[in-house]
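The structure displayed is predicted, hence computed values, not measured ones. Just follow the structure's listing: the first ligand is 1, and inside any ligand the first atom is 1.
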Amino acid sequence: MSEDRKQNTVYGKYEAVIGLEVHAQMQTDTKLFCGCSTKFGSGPNSQTCPVCIGMPGVLPVLNRKAVEFAIKTGLAMHCSIAPYSRFARKNYFYPDLPKGYQISQYELPLCVGGHIEILVEGTVRKIGITRIHMEDDAGKNIHEAKGNYSFVDLNRAGVPLMEIVSEPDIRSPKEAAEYMRKVRSIVRYLGVCDGNMEQGSLRCDANVSIRPVGQETLGVKAELKNMNSFRFVERALEYEIKRQIKVIEDGGKVVQETRLWDSAAGVTQSMRSKEEAHDYRYFPEPDLVPMATAPELIAEIKAGLPELPDDKRKRFVSQFGLPEYDAELLTSEKALAAWYESAVSEGGQPKAVSNWIMGEVMRLLNESNKTIEECPIRPGQLAAMLRLIDNGTISGKIAKTVFEEMFMSGKDAETVVKEKGLVQISDEGAIEKAVDEVLAKSASEVERFRAGDDKLLGFFVGQVMKATKGKANPQLLNELLRKKLG
Ligand code: ADP
Ligand code: ZN
Ligand code: MG
C-alpha cells in the first residue's frame with residue numbers, strides 16, 4: 001500500500017518489516033458471553049460462572065456492548081464493518097482455558113481494511129489495519145516460585161477482547177511504538193479500553209522480519225510476545241532485528257517461531273516453533289448464531305464518534321498554527337487537548353501555551369505523578385501568567401518559579417508574584433546601579449572581556465541576575481552591559 005514509504009537505511013542493506021497484533025480488553029461491565037463482572041484485582045475465581053469456566057452444556061450469550069465497542073473502534077480506524085460476521089472456535093489446550101477452545105472470529109471478522117496515522121520524525125505515515133475481531137480472553141496461570149505447582153485464576157476467562165491486526169507496514173521499532181501509542185490513544189478517546197499496559201488491558205504481539213532493501217517479498221518472521229510497555233516493544237524489536245540480520249549475515253536462515261522478550265536480560269528467546277492456523281482446527285462456533293450488523297446501528301455509532309486524535313491533530317495544526325509535533329503530543333489524550341484548547345480560549349498565545357504544556361506542565365505532572373485531570377493549575381491561570389510575561393511584569397525565567405509555586409499552592413500568578421516579590425525590575429536606573437556594582441567588583445573580568453573574551457558576557461549577566469534575585473529585565477540588562485562594556 002503506502003507509497004509515502006521512505007527507505008529506511010538504519011540497518012544498512014536491510015529493511016525491517018513489522019506488523020502488530022494488539023489485544024485490547026474492552027471496558028464492558030460484564031464478560032463477552034456471560035454476566036460475570038470484568039473488574040480487575042478481585043479475589044481469585046470470585047468472578048466466574050459455569051459459562052466462563054467452561055462447564056459442559058452451557059450456552060454463551062453475546063454481550064451487545066462489546067459488539068458496539070468493537071464497531072466503534074473499527075469506524076474510528078476507518079475500517080469497513082462487515083454486514084455479516086461470525087464467531088469461530090480456536091481449539092487448543094492450556095490450563096487457563098478450561099473449555100478447550102477460544103471463541104474468536106476467523107474467516108468473517110467484524111471490521112476489515114482500515115488505517116491509522118502515526119507521526120515519526122516529522123512525517124505522517126499511514127499504517128494499514130487488516131482487521132479487528134472480537135474474542136474472549138483466557139484465565140491466568142500463576143506459577144508459585146517455591147513449590148512445583150501452579151494456580152489458575154479464571155476471573156479473566158471470558159473477558160471481551162478486540163484483536164487489532166496491522167498490515168506489515170511498520171518499518172522501525174520507533175514506528176511500532178508510535179503505532180502502539182496511537183492505538184492506545186484512540187481506544188482511550190473512545191472509552192472502549194483503559195489502555196493500561198501494566199495490568200494487561202492493552203497487549204501486543206510484534207511480528208518482525210527483515211529483507212534486503214528493494215526486495216518486495218517478505219522475509220520469514222518471528223513473533224515476539226511479553227512486552228508490557230512501549231519501551232519494551234521498541235527494545236525487543238531492536239534486539240530481534242539485529243539478531244535476524246546476524247543470522248542472515250552468518251549464512252543462516254531465520255526460522256518462523258514465537259519468541260519471548262526477556263526484559264531483564266534484554267533479549268528475545270525462542271519459545272516454540274510457530275503454529276499454523278490449521279493446527280487450531282478453526283470451525284464456526286455452533287452455539288452462537290452468525291451476526292448481522294444493522295446499517296442503522298453502524299450509522300448511529302458513527303454519528304456518536306468523538307473527534308479522534310488524527311483529526312484533532314490536523315485541526316490543531318490549521319487552527320492554531322502549531323507544528324505537527326506539538327499537535328500530535330497535545331492530542332494524544334482527550335483531556336490534555338481540552339486543557340490546551342481551554343488555555344488558548346482564555347487568551348493564551350497558541351504556541352506559547354503549547355510550549356508551556358510540553359515543558360513545565362508535563363514536567364510538574366510527571367514529578368508529582370498526576371494526570372492532566374488532576375493538574376492543580378487551571379488553563380485560565382496559565383493564560384493569565386503568560387499575560388504577565390507579555391506585559392513585562394515578570395521575565396520568562398522567573399515565570400518558571402512562579403509557575404512551580406502556582407502548581408504547589410494552586411494560587412494565581414498575580415498572587416504569587418506579589419507575595420514573593422517577583423516583579424521584574426524594568427527600571428533602568430535600578431538595573432544600572434546593579435550593573436555598576438558588579439563591574440566595579442570584577443575589574444579583571446572586565447579587562448579580559450575588553451581584550452576579546454566575549455564569553456564573559458554570560459558571567460556579568462549571571463552576576464547581575466544574582467544581585468537582583470533573577471528579577472532584572474533581561475533585555476534591558478543586556479543592553480546596559482553592552483553599553484558599559486563596549
Ligand atoms: P500468522 O498467520 O502467523 O498469524 P498473519 O498473516 O495473520 O500471520 O499476520 C500476523 C501479523 O504479522 C500481522 O500484523 C501481519 O501484518 C504481520 N506479518 C505477516 N507477515 C509478516 C512478515 N513477513 N514480516 C513481518 N510481519 C508480518
Ligand atoms: Zn461467567
Ligand atoms: Mg494470524
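On a distance-only criterion, Pro168 and ligand 1 share at least one N/O pair closer than 3.5 Å. The N/O atoms of Thr130, backbone and side chain alike, include none that comes under 3.5 Å of an N/O atom in ligand 1. Close N/O approach between Glu223 and ligand 1 is not found [any backbone or side-chain N/O within under 3.5 Å]. Note: no N/O pair closer than 3.5 Å links Gln256 and ligand 1 by distance alone.
Between the side chains of Tyr14 and Glu249, at least one donor N or O sits under 3.5 Å from an acceptor N or O. Judged purely by distance below 3.5 Å, without hydrogens or angles, the side chains of Glu167 and Thr130 pair a donor atom with an acceptor atom. Gln199 and Ser201 form no side-chain donor-acceptor contact under 3.5 Å, judged by distance and modelled atom types alone. A donor-acceptor pair shorter than 3.5 Å can be found between the side chains of Ser104 and Glu135.
Within the model, atoms CD1 of Ile132 and SG of Cys79 stand 4.0 Å from one another, a figure rounded to the nearest 0.5 Å. Distance CD1/Ile245 to CG/Asp250: 11.5 Å, rounded to 0.5 Å.
The distance from ligand 1 to the heavy atoms of Gly19 drops below 4.0 Å at these ligand atoms: 14 (O), 16 (O), 17 (C), 26 (N). Using a 4.0 Å cut-off to heavy atoms of Glu167, the atoms of ligand 1 that qualify are 16 (O). Close approach of ligand 1 to Gly219 is summarised as follows: ligand atoms under 4.0 Å from at least one heavy atom of the residue are 23 (N). Remark: ligand 1 atoms within the under-4.0 Å shell around heavy atoms of Val17 are 24 (N), 25 (C). Applying the 4.0 Å criterion to heavy atoms of Val165 picks out, from ligand 1, the atoms 13 (C), 14 (O). Each of the following atoms of ligand 1 lies closer than 4.0 Å to a heavy atom of Leu20: 14 (O).
With Asp136 as the fixed residue, the salt bridge (charged side-chain N to carboxylate O under 4.0 Å, His left out) test singles out one of Lys90, Arg156, Lys99: Lys99.
In this structure, SG of Cys34 and SG of Cys52 enclose an angle of 110° at the Zn ion (ligand 2), rounded to 10°.
Atom NZ of Lys400 is surrounded by 12 or fewer heavy atoms from other residues, nucleotides or ligands within 6.0 Å.
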